[in-house]
Amino acid sequence: MITVSIAGGSQPEILELVKKSQEKFGNQIAFVVFDKSDNLGSETDWTYVHCQDDYEVAKAAVSYVASGKAQILLKGIIPTHVVLKEVLQKEHQLKTSPVLSHVAMVTLANQQGQFLLTDCAMNITPDKEALIKIIDNATTVAHKIGIEKPKIALLSAAENINLKMPSSVMAAELTDYFSESTDKVVYGPLSLDLAVSKESAEHKRFTGPIIGDADVLVVPTIDVGNTLYKSLTLFAGALIGGTIVGTKVPVVLTSRSDSTATKLHSLEFALKQVVS
């Protein structure tokens with residue numbers, strides 16, 4: 001059984017998520033909720049632990065996963081920075097990478113395709129060293145969910161190196177850096193269409209190690225990633241669920257604006273990383 005520690009979980013939208021999760025996964029999953037609010041659930045929904053304030057909520061929930069009693073940390077209705085600050089406390093020894101990053105599982109409408117997207121929520125303008133760690137983190141996640149040798153596309157506006165376009169230069173440097181990798185294929189710069197559309201690659205007569213079949217998309221900056229993320233959900237009907245990685249356990253960040261389907265998708269993505 002997988003146990004989920006929820007910081008700020010005694011909220012109507014989180015209770016709905018828990019019930020939907022139990023419908024889908026049955027006795028494969030259990031929940032422990034830490035909150036300063038009254039307990040909204042029953043014994044069949046979760047184990048409830050009352051706390052005095054958000055800081056105690058975060059500390060208790062993070063300590064629970066750090067002790068090995070839970071395998072997933074889920075942020076409920078509590079400020080993100082409060083949870084992440086606690087995650088980074090050295091006493092918990094949860095950080096496994098020098099750089100924490102966000103990896104999202106994107107499922108396109110009508111199951112037309114699925115890929116990972118990073119980093120749209122953590123690192124603003126990562127330099128080369130940070131991008132190396134972001135790629136390493138995404139590779140670890142890909143392996144955990146069953147992609148043995150992920151094809152990782154480094155996005156830019158085009159497939160050509162342009163000295164006036166920093167993302168293309170960076171992509172070329174990273175491609176060279178990872179050229180000897182045996183557990184992944186890293187290539188760029190690549191435009192979005194060449195990374196995910198075989199038809200576009202054929203039409204442009206593009207040849208390379210990634211021809212419309214990328215398993216992972218790496219964005220150069222958070223504004224590019226945020227725009228792509230929201231465009232996929234708003235205009236393409238994609239279902240996207242993400243986790244913070246670079247830690248011993250996946251950290252699921254939810255928002256009040258997320259639909260229950262999105263929250264459930266994020267939790268399912270985290271479960272795949274745990275039961276690999």
Side-chain angles (χ1 to χ4, degrees), residues 1-7 9 14 16-32 46 61 64-65 68-76 83 87 94-97 100-122 133-153 183-185 196 213-218 225 229 232-233 238-255 258-276:
M1 178 183 291
I2 301 299
T3 300
V4 182
S5 175
I6 309 181
I14 301 300
E16 183 180 4
L17 169 64
V18 166
K19 289 184 178 297
K20 290 292 184 182
S21 300
Q22 291 169 335
E23 290 175 9
K24 186 166 187 176
F25 303 113
N27 59 9
Q28 299 178 51
I29 192 168
F31 299 89
V32 178
W46 55 47
Y64 202 76
V65 296
K69 296 176 182 177
Q71 294 73 47
I72 295 172
L73 176 64
L74 189 150
K75 184 193 81 71
V83 174
V87 168
L94 286 176
K95 192 176 180 183
T96 58
S97 170
L100 300 190
S101 55
H102 184 267
V103 178
M105 171 68 81
V106 180
T107 302
L108 300 177
N110 301 319
Q111 299 294 316
Q112 293 177 350
Q114 194 173 66
F115 54 83
L116 301 181
L117 176 62
T118 190
D119 176 358
C120 302
M122 282 289 289
K133 299 306 179 185
I134 288 169
I135 292 168
D136 286 340
N137 288 348
T139 301
T140 298
V141 172
H143 290 163
K144 285 182 176 181
I145 66 173
I147 306 174
E148 293 183 3
K149 191 173 183 178
K151 293 185 175 183
I152 302 176
D183 63 342
K184 57 183 168 292
V185 175
V196 300
D213 57 351
D215 299 301
V216 183
L217 302 183
V218 179
Y229 185 110
L232 286 165
T233 57
L239 188 60
I240 304 181
T243 60
I244 299 298
V245 298
T247 52
K248 289 182 180 178
V249 300
V251 180
V252 181
L253 301 182
T254 65
S255 169
D258 289 340
S259 66
T260 300
T262 296
K263 292 186 179 78
L264 185 60
H265 194 57
S266 296
L267 183 56
E268 185 172 8
F269 180 38
L271 283 169
K272 287 180 179 179
Q273 296 175 49
V274 171
V275 299
S276 59

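Note: hydrogens, waters and symmetry copies are ignored here, and every other heavy atom, side chains too, is used.
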Do Asp136 and Ser97 have side chains that approach each other closer than 4.5 Å (heavy atoms only, starting at C-beta)? no
Separation between CG of Asn137 and CE of Met122, rounded to the nearest 0.5 Å: 10.0 Å
Could you give the distance from CD1 (Ile134) to OG1 (Thr139), rounded to the nearest 0.5 Å? 11.5 Å
Restricting to non-hydrogen atoms, name the atom on Gly242 and the atom on Phe269 that form the minimum distance, rounded to 0.1 Å. CA-CD2, 4.2 Å
As a quick check of understanding, evaluate side chain to side chain contact (heavy atoms under 4.5 Å, CB included) for Phe25 and Leu264, giving each step before the final call. CA-CA 11 Å; Phe25 303 113; Leu264 185 60; 4.2 Å; yes
Test item: Leu108 and Leu232 side chains (from C-beta on) under 4.5 Å apart, heavy atoms: yes
Between Ser5 and Ala61, is there a donor-acceptor pair closer than 3.5 Å when you use the side chain of the first and the backbone of the second? yes
Thr140: side chain to side chain contact (heavy atoms under 4.5 Å, CB included) partners, not counting sequence neighbours: Lys144
Least distance between heavy atoms, Asn27 atom then Met1 atom: O-CE, 3.1 Å
What heavy-atom pair brings Gly9 and Trp46 nearest, and what distance separates the two atoms? O-CH2, 3.5 Å
Donor-acceptor contact present, side-chain Thr254 to main-chain Lys75, <3.5 Å: yes
For residues Val32 and Lys69, determine if any side-chain heavy atom of one lies less than 4.5 Å from a side-chain heavy atom of the other. no
Does the side chain of Val245 come within less than 4.5 Å of Gln273's, by heavy atoms? yes
For Ala138 and Leu116 the tightest heavy-atom approach is O-CD1, 4.3 Å
Is the backbone of Ile244 close enough, under 3.5 Å, to the side chain of His102 for a donor and an acceptor to pair up by distance? no
In Å, rounded to the nearest 0.5 Å, how long is the span from OG1 of Thr260 to NZ of Lys19? 12.5 Å
With sequence neighbours left out, what residues match Tyr64 under ring-ring contact (aromatic ring centres under 6.0 Å, His included)? Phe34
If we only count heavy atoms from C-beta on, is the Leu217 to Val106 side-chain gap below 4.5 Å? no
Measuring only between side-chain heavy atoms, which start at C-beta, is Gln71 closer than 4.5 Å to Val65? no
Working to the nearest 0.5 Å, report the span between NZ of Lys263 and CD of Glu16. 8.0 Å
Report yes if the side chains of Leu73 and Val83 come closer than 4.5 Å at any heavy-atom pair, otherwise no. yes
NZ of Lys95: more than 12 outside heavy atoms within 6.0 angstrom? yes
To the nearest 0.5 Å, tell me how far Ile14 CD1 sits from Phe31 CZ. 10.0 Å
What's the separation between atom NZ in Lys272 and atom CD1 in Ile145, rounded to the nearest 0.5 Å? 6.5 Å
Are the side chains of Val4 and Val252 in contact, using a 4.5 Å heavy-atom criterion? no
With sequence neighbours excluded, what pairs up with Thr96 under the side chain to side chain contact (heavy atoms under 4.5 Å, CB included) test? Lys248
